[in-house]
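All remarks here apply to the structure that follows.
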Amino acid sequence: MNKQAGFTLIELMIVVAIIAILAAIATPLYRDYLSRTRASAATTELAGIRTAVAECVTERQTLVGCDAGTFGIPAVADFAATLNVLSLDSITNGVIRATTGATDAGTGTALDYIVAPTIAGTGAANITWANTGSTCNTRRGLRAGQGGCP
(Lines give C-alpha, C1' and ligand atoms only; values in the text may rest on other atoms or scores of the structure.)
Protein backbone atom coordinates (compact mmCIF):
# COMPACT_ATOMS: atom_id res chain seq x y z
CA MET A 1 0.00 0.00 0.00
CA ASN A 2 1.21 3.44 -0.92
CA LYS A 3 0.83 6.07 1.82
CA GLN A 4 0.85 9.68 0.81
CA ALA A 5 2.03 12.39 3.18
CA GLY A 6 1.21 16.07 3.00
CA PHE A 7 -1.61 18.53 3.27
CA THR A 8 -4.72 18.72 1.18
CA LEU A 9 -5.59 21.90 -0.64
CA ILE A 10 -8.49 22.62 1.71
CA GLU A 11 -6.22 22.33 4.77
CA LEU A 12 -3.78 24.82 3.27
CA MET A 13 -6.62 27.20 2.41
CA ILE A 14 -7.90 27.06 5.98
CA VAL A 15 -4.44 27.87 7.37
CA VAL A 16 -4.05 30.79 4.95
CA ALA A 17 -7.52 32.09 5.91
CA ILE A 18 -6.67 31.94 9.63
CA ILE A 19 -3.40 33.80 9.07
CA ALA A 20 -5.20 36.46 7.00
CA ILE A 21 -7.81 36.98 9.74
CA LEU A 22 -5.13 37.32 12.41
CA ALA A 23 -3.17 39.78 10.27
CA ALA A 24 -6.30 41.84 9.62
CA ILE A 25 -6.84 42.18 13.37
CA ALA A 26 -3.21 42.55 14.47
CA THR A 27 -2.02 45.16 11.94
CA PRO A 28 -4.37 48.01 13.01
CA LEU A 29 -3.76 47.24 16.67
CA TYR A 30 -0.01 47.37 16.10
CA ARG A 31 -0.28 50.72 14.30
CA ASP A 32 -2.34 52.15 17.17
CA TYR A 33 0.20 50.86 19.68
CA LEU A 34 3.11 52.32 17.70
CA SER A 35 1.38 55.71 17.44
CA ARG A 36 0.60 55.80 21.18
CA THR A 37 4.22 54.90 21.92
CA ARG A 38 5.48 57.75 19.74
CA ALA A 39 3.13 60.24 21.43
CA SER A 40 4.33 59.15 24.86
CA ALA A 41 7.98 59.25 23.80
CA ALA A 42 7.47 62.75 22.36
CA THR A 43 6.23 63.91 25.76
CA THR A 44 9.36 62.47 27.36
CA GLU A 45 11.69 63.99 24.76
CA LEU A 46 10.12 67.44 25.24
CA ALA A 47 10.26 67.25 29.04
CA GLY A 48 13.61 69.05 29.09
CA ILE A 49 12.09 72.00 27.24
CA ARG A 50 9.19 72.04 29.70
CA THR A 51 11.74 72.19 32.51
CA ALA A 52 13.54 75.11 30.86
CA VAL A 53 10.24 76.97 30.45
CA ALA A 54 9.33 76.24 34.08
CA GLU A 55 12.66 77.67 35.23
CA CYS A 56 12.08 80.81 33.16
CA VAL A 57 8.59 81.22 34.61
CA THR A 58 9.85 80.63 38.15
CA GLU A 59 12.64 83.19 37.83
CA ARG A 60 10.60 85.85 36.03
CA GLN A 61 7.18 85.19 37.67
CA THR A 62 5.53 85.66 34.29
CA LEU A 63 4.97 83.66 31.12
CA VAL A 64 5.56 86.68 28.91
CA GLY A 65 8.97 86.53 27.28
CA CYS A 66 9.64 82.86 28.00
CA ASP A 67 10.33 82.19 24.33
CA ALA A 68 12.63 79.93 22.33
CA GLY A 69 16.24 81.02 22.54
CA THR A 70 15.80 83.18 25.65
CA PHE A 71 16.38 82.68 29.38
CA GLY A 72 17.91 79.22 28.96
CA ILE A 73 15.14 77.90 26.73
CA PRO A 74 16.62 76.17 23.67
CA ALA A 75 16.15 77.77 20.26
CA VAL A 76 13.85 76.01 17.82
CA ALA A 77 16.71 75.63 15.33
CA ASP A 78 18.81 73.80 17.94
CA PHE A 79 16.28 71.02 18.35
CA ALA A 80 17.20 67.77 16.59
CA ALA A 81 14.21 65.96 15.12
CA THR A 82 13.60 62.29 16.01
CA LEU A 83 11.08 59.65 15.00
CA ASN A 84 8.96 60.72 17.98
CA VAL A 85 9.24 64.51 17.61
CA LEU A 86 9.31 65.42 13.93
CA SER A 87 9.75 69.13 14.61
CA LEU A 88 9.73 71.70 17.38
CA ASP A 89 7.51 74.37 15.87
CA SER A 90 7.63 77.19 18.42
CA ILE A 91 7.99 78.22 22.05
CA THR A 92 6.15 81.49 22.69
CA ASN A 93 5.26 82.82 26.15
CA GLY A 94 5.86 79.35 27.56
CA VAL A 95 3.57 77.56 25.10
CA ILE A 96 5.42 74.68 23.45
CA ARG A 97 4.25 73.55 19.99
CA ALA A 98 5.67 70.46 18.30
CA THR A 99 4.74 67.91 15.66
CA THR A 100 4.99 64.31 16.83
CA GLY A 101 5.55 61.01 15.06
CA ALA A 102 2.16 59.82 16.30
CA THR A 103 -0.44 59.77 13.53
CA ASP A 104 -4.20 60.04 13.14
CA ALA A 105 -5.92 56.75 12.33
CA GLY A 106 -8.05 58.03 9.47
CA THR A 107 -5.77 60.40 7.59
CA GLY A 108 -2.30 59.45 8.79
CA THR A 109 -1.45 63.08 9.59
CA ALA A 110 1.00 63.78 12.39
CA LEU A 111 -0.51 64.71 15.76
CA ASP A 112 0.38 68.08 17.30
CA TYR A 113 1.73 68.50 20.82
CA ILE A 114 0.70 71.86 22.30
CA VAL A 115 1.27 72.39 26.02
CA ALA A 116 0.65 75.63 27.83
CA PRO A 117 1.79 76.41 31.38
CA THR A 118 -0.39 78.17 33.91
CA ILE A 119 0.91 79.85 37.05
CA ALA A 120 -1.29 79.20 40.10
CA GLY A 121 -0.95 82.80 41.30
CA THR A 122 1.51 85.58 42.02
CA GLY A 123 4.48 84.18 43.88
CA ALA A 124 3.11 80.63 43.64
CA ALA A 125 5.45 77.73 42.99
CA ASN A 126 2.84 75.68 41.15
CA ILE A 127 2.92 75.46 37.38
CA THR A 128 0.29 73.31 35.73
CA TRP A 129 0.49 72.18 32.12
CA ALA A 130 -2.49 71.73 29.80
CA ASN A 131 -2.17 69.86 26.51
CA THR A 132 -4.58 71.14 23.85
CA GLY A 133 -2.91 69.44 20.90
CA SER A 134 -4.25 66.61 18.82
CA THR A 135 -1.97 64.20 20.74
CA CYS A 136 -4.83 63.98 23.23
CA ASN A 137 -6.32 61.13 21.22
CA THR A 138 -7.42 58.07 23.18
CA ARG A 139 -6.91 55.70 20.27
CA ARG A 140 -3.64 56.87 18.70
CA GLY A 141 -2.15 59.35 21.19
CA LEU A 142 -2.21 60.20 24.88
CA ARG A 143 -5.13 59.23 27.06
CA ALA A 144 -6.86 61.47 29.60
CA GLY A 145 -4.50 62.32 32.45
CA GLN A 146 -1.35 61.66 30.39
CA GLY A 147 0.92 64.47 29.22
CA GLY A 148 -1.46 67.21 30.39
CA CYS A 149 -4.46 65.87 28.47
CA PRO A 150 -7.85 66.63 30.01
Give a yes or no answer on whether the side chain of [X] reaches the backbone of [Y] with a donor-acceptor pair at less than 3.5 Å.
| X | Y | answer |
| --- | --- | --- |
| Ser90 | Thr92 | no |
| Thr58 | Ala54 | yes |
| Thr100 | Tyr113 | no |
| Thr82 | Val85 | yes |

If every non-hydrogen atom of [X] is compared with every non-hydrogen atom of [Y], which pair is closest and at what distance?
| X | Y | result |
| --- | --- | --- |
| Ala110 | Leu86 | CB-CD1, 4.1 Å |
| Ser134 | Asn137 | O-CB, 3.5 Å |
| Gly72 | Ala52 | O-CB, 3.8 Å |
| Cys56 | Phe71 | SG-CB, 3.7 Å |
| Val76 | Ala68 | CG2-CB, 3.7 Å |
| Leu83 | Arg38 | O-CD, 3.4 Å |

Under a plain distance cut-off of 3.5 Å, with no hydrogens placed, do Arg140 and Thr103 share a side-chain donor-acceptor pair?
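The criterion, which ignores hydrogens and geometry beyond distance, is satisfied for Arg140 and Thr103.
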
Output all residues satisfying salt bridge (charged side-chain N to carboxylate O under 4.0 Å, His left out) with Arg50, sequence neighbours left out; order by chain, then residue number.
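Arg50 satisfies salt bridge (charged side-chain N to carboxylate O under 4.0 Å, His left out) with no residue once adjacent residues are dropped.
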
Looking at residues at least two apart in the chain, or sitting in another chain, which of them share a salt bridge (charged side-chain N to carboxylate O under 4.0 Å, His left out) with Arg139?
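With neighbours one apart ignored, the set is Asp32.
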
For a 4.5 angstrom cut-off between non-hydrogen side-chain atoms, does Val57 reach Ile119?
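Touching, per the 4.5 Å side-chain cut-off.
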
According to side chain to side chain contact (heavy atoms under 4.5 Å, CB included), who are the partners of Ser87, at least two apart in sequence or on a separate chain?
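Here the qualifying residues are Asp89, Thr99.
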
Just jot down the side chain to side chain contact (heavy atoms under 4.5 Å, CB included) partners of Ser40, sequence neighbours excluded, or say none.
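Per chain and number, Ser40 pairs via side chain to side chain contact (heavy atoms under 4.5 Å, CB included) with Leu142.
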
Residue pairs fulfilling salt bridge (charged side-chain N to carboxylate O under 4.0 Å, His left out) with at least one residue in residues 52-74, sequence neighbours excluded
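As it turns out, there is no salt bridge (charged side-chain N to carboxylate O under 4.0 Å, His left out) pair with a partner in residues 52-74 once direct neighbours are skipped.
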
Would you compute the distance between atom [atom1] of [X] and atom [atom2] of [Y] and round it to the nearest 0.5 angstrom?
| X | Y | atom1 | atom2 | answer |
| --- | --- | --- | --- | --- |
| Trp129 | Ile96 | CH2 | CD1 | 4.5 Å |
| Leu88 | Leu46 | CG | CG | 6.5 Å |
| Asp112 | Cys136 | CG | SG | 11.0 Å |
| Thr118 | Leu63 | OG1 | CG | 7.0 Å |

Run Arg97 and Val95 through side-chain contact (heavy atoms from CB on, under 4.5 Å) and show every step you take.
CA-CA 7 Å; Arg97 296 175 185 272; Val95 178; 4.3 Å; yes

side-chain contact (heavy atoms from CB on, under 4.5 Å) assessment of Cys66 paired with Asn93
CA-CA 5 Å; Cys66 290; Asn93 293 331; over 6 Å; no

Without placing hydrogens or testing angles, list every side-chain donor-acceptor pair under 3.5 Å for residues 9-24, not counting sequence neighbours.
unit_1 : atom_1 : unit_2 : atom_2 : d
Glu11  : OE1    : Thr8   : N      : 2.9
Glu11  : OE1    : Thr8   : OG1    : 3.4

